[in-house]
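Notes follow the structure.
Small disclaimer: the values here were computed from a predicted structure and weren't measured.
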Amino acid sequence: MIAFWSVSLIALSVLVAVVGSFTALEHATRMRQSQGKTALVWMTTGGITLGMTIWSMHFIGMLAFHLPIPLSYDLPLTLISALPAIAAALFGFYVLRPRVISIMRIVVAGLLMGVGISTMHYTGMAALKMFPAIEYNPIIYALSIVIAIVAAWGALLMMYLGDQVRLPVVLRLGLGSLVMGLAISGMHYTAMQGLVIMPGSVCLAGAARIDPEILAGMVSLISFFWFGGGILAALFDRRLIRQNSEALQQLQQAHETLEKSAREMAVTMTRDLRESEHRVRAVIEGALDCIIMMDVDGNITEFNQAAEGTFGYKRKQVIGKNLAEMIIPSLLREKYNAGLNRFYKTGKSALLGKHTEMSAMRADGSEFPIELNLSEINWSGTQTLAVFLRDITKRKLAEAEIQNLAFYDPLTKLPNRRLLRERLQHSMAVWARNKVFGAIFFMDIDNFKSLNDTQGHNAGDLLLIEVATRLQSCVRGEDTVARLGGDEFIVVMGGLGGEAKQAAGQAAIMGEKIRESLGQPYLFSDFSHQGTASIGVVMFLNHELSIDELFKRADAAMYQAKQSGGNKVQFFDPSIQSVATDAIGSPL
């Protein structure tokens, strides 16, 4: 039976394969750069994305295939055929999780993935339910499976080796997605060339079937919606990491200057050590940084005054002792000794000539962070290792303080406006993809100015700290509590489901819980206070409104609650206010 093809649908199927491959490669990059649960999320999302790419390309390609008879597709088989592709892709991403992967592991994984892709294709073909049954050219049938396996190998190698290619990220992902998309498309259209349909054949898909035009729209819409959401989530993740690192950029620049100065001093000191042992002694004792020298057995031969002050040992206590036993924490000693032995055997060390941060141990057993530089010198004809190090405890505390000041309110220790916006942007993207409602609660403490005027600002600060504690006790672990400033607080609650009435009911219950908690008496050592709060609530779905607009609406609802006497939960939308009132059984 003569078949003909739709060129536009062929082009669309290749486009879906390329865009989906781009999204999958981006997810693979994020997975290999992440750890723990985050890496697992990227692995799962990437595997599903690649599986959906293969599945979507197949069925759009099938819609490009026409016969002079009506064609329909059996819906159960159509949906079931996606499972082998998704399972194969998930397995491929699972293989890519370790940092180092053997070629044999990629070979075996590619074989299994190729079988999964082939199973998806021929299961999807079975959804036509032709009579007589479809036959296949055995040579092309075997060739299509080989192409699927080769495509799987190519996808695994591309995702594994992609982060090692020295090209701009967008160019690397673009080239990789083009190659991968063409490989996926090549397997499908090669397999279709081996299709044999006898003259007079009919399509039996009937009872539970889906029309080809509807299938085309559904597959295209689902594919591009999923790919777009995946790319947006990856971009948000990259942006969040970049913004967090910028908060420490100035400190890092100052640190680089200190590193340069330390390297120059180390070079000068090494040259002096070679010229004169007496001069070396003077330099060592006068240095502000710790200088420790050891012989080929790892025993300490020099220990300057700065090291005495830092580690709490006198020089005579450590000379001749093994350095690892004196200043290296027990959990790090095995790794340290292995590295030292490797250096003396091969002359190579990962620490030699480099600035490295690690933990050290004082005489009292306490651990603290240090920065060290290891140099090899020849002192009086003897091979010696010189360790230049400094205590960086204060610097680490300063870095932590900068991080804290950048993202947290100093009084209540809650996230500030900056961190709140970042979390909300990320959460809104996830909730929009999952089509679930979120809610923002805007709170203002009633009569807070009066408390400050009568009891003083210290009393006001104590009240704000207690309000923060009560809010945290009211919300769930995944919710966010933040302080905007003054007596204004924000609670962001997400994952309220996709049904508006149910979501409004949950938000109303949470609002009432917060209102009752903040309305309980406040008992302090010097005074007590009976306070209330006015709470404005705005519900949202997707990205219809900006964050600033959501804040404005929640603020307007809070102002309305305050105007009506305070101690009240007020929703911005009057229709939701009615639903919320029914949810708690009494007027808010």
query: Would you say Tyr559 has more than 12 foreign heavy atoms packed within less than 6.0 Å of its OH?
result: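 No.
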message: How about NZ on Lys552, more than 12 heavy atoms from neighbouring residues, nucleotides or ligands closer than 6.0 Å, or not?
response: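 Open: at most 12 neighbouring heavy atoms sit under 6.0 Å from NZ of Lys552.
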Return the minimal non-hydrogen interatomic distance between [X] and [Y], and the atom names on each side.
| X | Y | result |
| --- | --- | --- |
| Lys396 | Glu357 | NZ-OE1, 2.7 Å |
| Val538 | Leu550 | CG1-O, 3.6 Å |
| Phe540 | Ala439 | CE2-N, 3.6 Å |
| Gly566 | Ser534 | CA-OG, 3.2 Å |
| Gly498 | Phe437 | O-CE1, 3.7 Å |
| Lys435 | Leu541 | C-CD1, 3.8 Å |

- prompt: Taking the six-membered ring of Tyr522, is the NZ or CZ of Arg470 close enough (under 6.0 Å from the centre) and on axis enough (within 45°)?
  reply: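 Yes, a cation-pi geometry holds between Arg470 and Tyr522.
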Flag side-chain contact, heavy atom, 4.5 Å: [X] against [Y]:
| X | Y | value |
| --- | --- | --- |
| Arg483 | Leu411 | yes |
| Ser359 | Phe368 | no |
| Leu451 | Phe527 | yes |
| Met443 | Val467 | no |
| Gln506 | Met510 | no |
| Val492 | Arg423 | no |

Between [X] (side chain) and [Y] (backbone), is there a donor-acceptor pair under 3.5 Å?
| X | Y | result |
| --- | --- | --- |
| Arg476 | Gly494 | yes |
| Glu488 | Ile445 | no |
| Ser564 | Ala561 | yes |
| Thr119 | Val115 | yes |
| Gln570 | Gln560 | no |
| Asp479 | Val491 | no |
| Asp409 | Thr412 | yes |

Rounded to the nearest 0.5 Å, how far apart are [atom1] of [X] and [atom2] of [Y]?
| X | Y | atom1 | atom2 | value |
| --- | --- | --- | --- | --- |
| Glu466 | Asp461 | CD | CG | 13.5 Å |
| Asn542 | Met428 | CG | CE | 9.0 Å |
| Asp446 | Ile535 | CG | CD1 | 9.0 Å |
| Ser473 | Lys513 | OG | NZ | 7.0 Å |
| Leu419 | Leu414 | CG | CG | 10.5 Å |
| Thr53 | Ile48 | OG1 | CD1 | 11.5 Å |

message: With salt bridge (Lys or Arg N to Asp or Glu O under 4.0 Å) as the criterion, how do Asp548 and Arg421 come out once you've worked through the C-alpha distance, each side chain's angles and the decisive distance to 0.1 Å?
response: CA-CA 9 Å; Asp548 289 333; Arg421 292 180 70 91; 2.6 Å; yes
